[in-house]
Amino acid sequence: MRRIGLVMAGLLMSGAVVAGQARLDEAQRQVLAQEVAPGPVANPVTTTVKGQLTRYEKNMVAAADLMPAEKYGFKPTPEMNSFGHVVMHIAQSNYFLCSKISGTAAPDVKLTDADGKDKLVAGLKASFEFCSTALAGVDDSKLSDPLTLFGNRQTSRAGALITLSDDWYDHYGAQAVYLRLNGILPPTGQPAPAK
């Protein structure tokens, strides 16, 4: 019975992610259409990731703000991470990956999933500020440089940039599902402001 409950929770979350992804994909197409000027783009890989950083900072911080403080311990199932853990993990991932990509030392920030909403949201904001600063001088000239991630996983600077981008998509998707399971529309699901 417990296995059936876990499977059902997974199916519900997958359905919510797919439904939210269709809306997110359209929003992404609209943003990308506005961001890319006609003609060649200098540093297309890093320019794209920096554009994503701005968008995901806005959406992920807004998602963290939308979740009520008393729901930061919410877990869709007992085996899953809490919402607070997801927020903490996003901040830690930002510091780690942006540091690796840029060669800039990340500050020694201590966050735990038991920290309150205010501390976790502040930590999330600070991690995006670090990424903005650290990635400002990164361009496409060293995309093939080797990097080591997560212990001994060999990749390139391009691979680390893709991992960072993938993390933002994945983590925002998780935030969106946690919010929806609590009856809250995620930032990209909010109705457009009236004009």
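These figures come from a predicted structure and were not determined experimentally. The analysis underlying the following values was restricted to heavy atoms, covering all of them including side chains, and did not include hydrogens, waters or symmetry mates.
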Check: Would D139 and T46 count as having a side-chain donor-acceptor pair, cut-off 3.5 Å?
Finding: no
Kindly give the heavy-atom pair with the smallest separation between [X] and [Y], and that separation in Å.
| X | Y | value |
| --- | --- | --- |
| G123 | Y95 | O-OH, 4.1 Å |
| M80 | K75 | O-CD, 3.1 Å |
| A106 | S99 | N-OG, 3.6 Å |
| N94 | W168 | OD1-NE1, 2.9 Å |
| L53 | S132 | CD2-OG, 3.2 Å |
| L149 | K100 | CD2-CG, 3.8 Å |

A side-chain contact here means heavy atoms from C-beta on lying under 4.5 Å apart; do [X] and [Y] qualify?
| X | Y | answer |
| --- | --- | --- |
| L179 | P187 | yes |
| M88 | D115 | no |
| K58 | R55 | no |
| K110 | T112 | no |
| V138 | V49 | no |
| F83 | L120 | no |
| D113 | N81 | no |
| K125 | V121 | yes |

[Y] backbone acceptor or donor facing [X] side chain under 3.5 Å:
| X | Y | answer |
| --- | --- | --- |
| R157 | K142 | yes |
| D140 | V45 | yes |
| T163 | G159 | yes |
| T47 | A42 | yes |
| Q175 | V86 | no |
| K50 | L135 | yes |

Check: What do the steps show when you test L164 against F96 for side-chain contact (heavy atoms from CB on, under 4.5 Å), and what is the final call?
Finding: CA-CA 10 Å; L164 178 63; F96 174 75; over 6 Å; no
Drop me the distance from [X]'s [atom1] to [Y]'s [atom2], to the nearest 0.5 angstrom.
| X | Y | atom1 | atom2 | value |
| --- | --- | --- | --- | --- |
| L143 | I101 | CG | CD1 | 10.0 Å |
| D145 | S156 | CG | OG | 8.5 Å |
| E57 | I90 | CD | CD1 | 12.0 Å |

Margin query: Assigning hydrophobic clusters by single linkage (Ile, Leu, Val, Met, Phe, Trp, Tyr; side-chain heavy-atom cutoff under 4.5 Å), is L181 placed with L185?
Written below: no
Item checked: side-chain contact (heavy atoms from CB on, under 4.5 Å) evaluation trace for F130 with V109 -> CA-CA 11 Å; F130 171 76; V109 176; over 6 Å; no
In terms of ring plane angle, is the pair [X] and [Y] parallel, tilted or perpendicular, where the classes change at 30° and 60°?
| X | Y | value |
| --- | --- | --- |
| H171 | H89 | perpendicular |
| Y178 | F74 | perpendicular |
| Y172 | Y56 | perpendicular |

Next item on the list: Would you mind listing every disulfide bond (SG atoms under 2.5 Å apart) that reaches into residues 131-189, with sequence neighbours excluded?
Entry: C98-C131
Please list every donor-acceptor pair under 3.5 Å in which a side-chain atom of residues 63-71 meets a protein atom from a residue at least two apart or in another chain.
from: K71; atom 1: NZ; to: N182; atom 2: OD1; distance (Å): 3.1

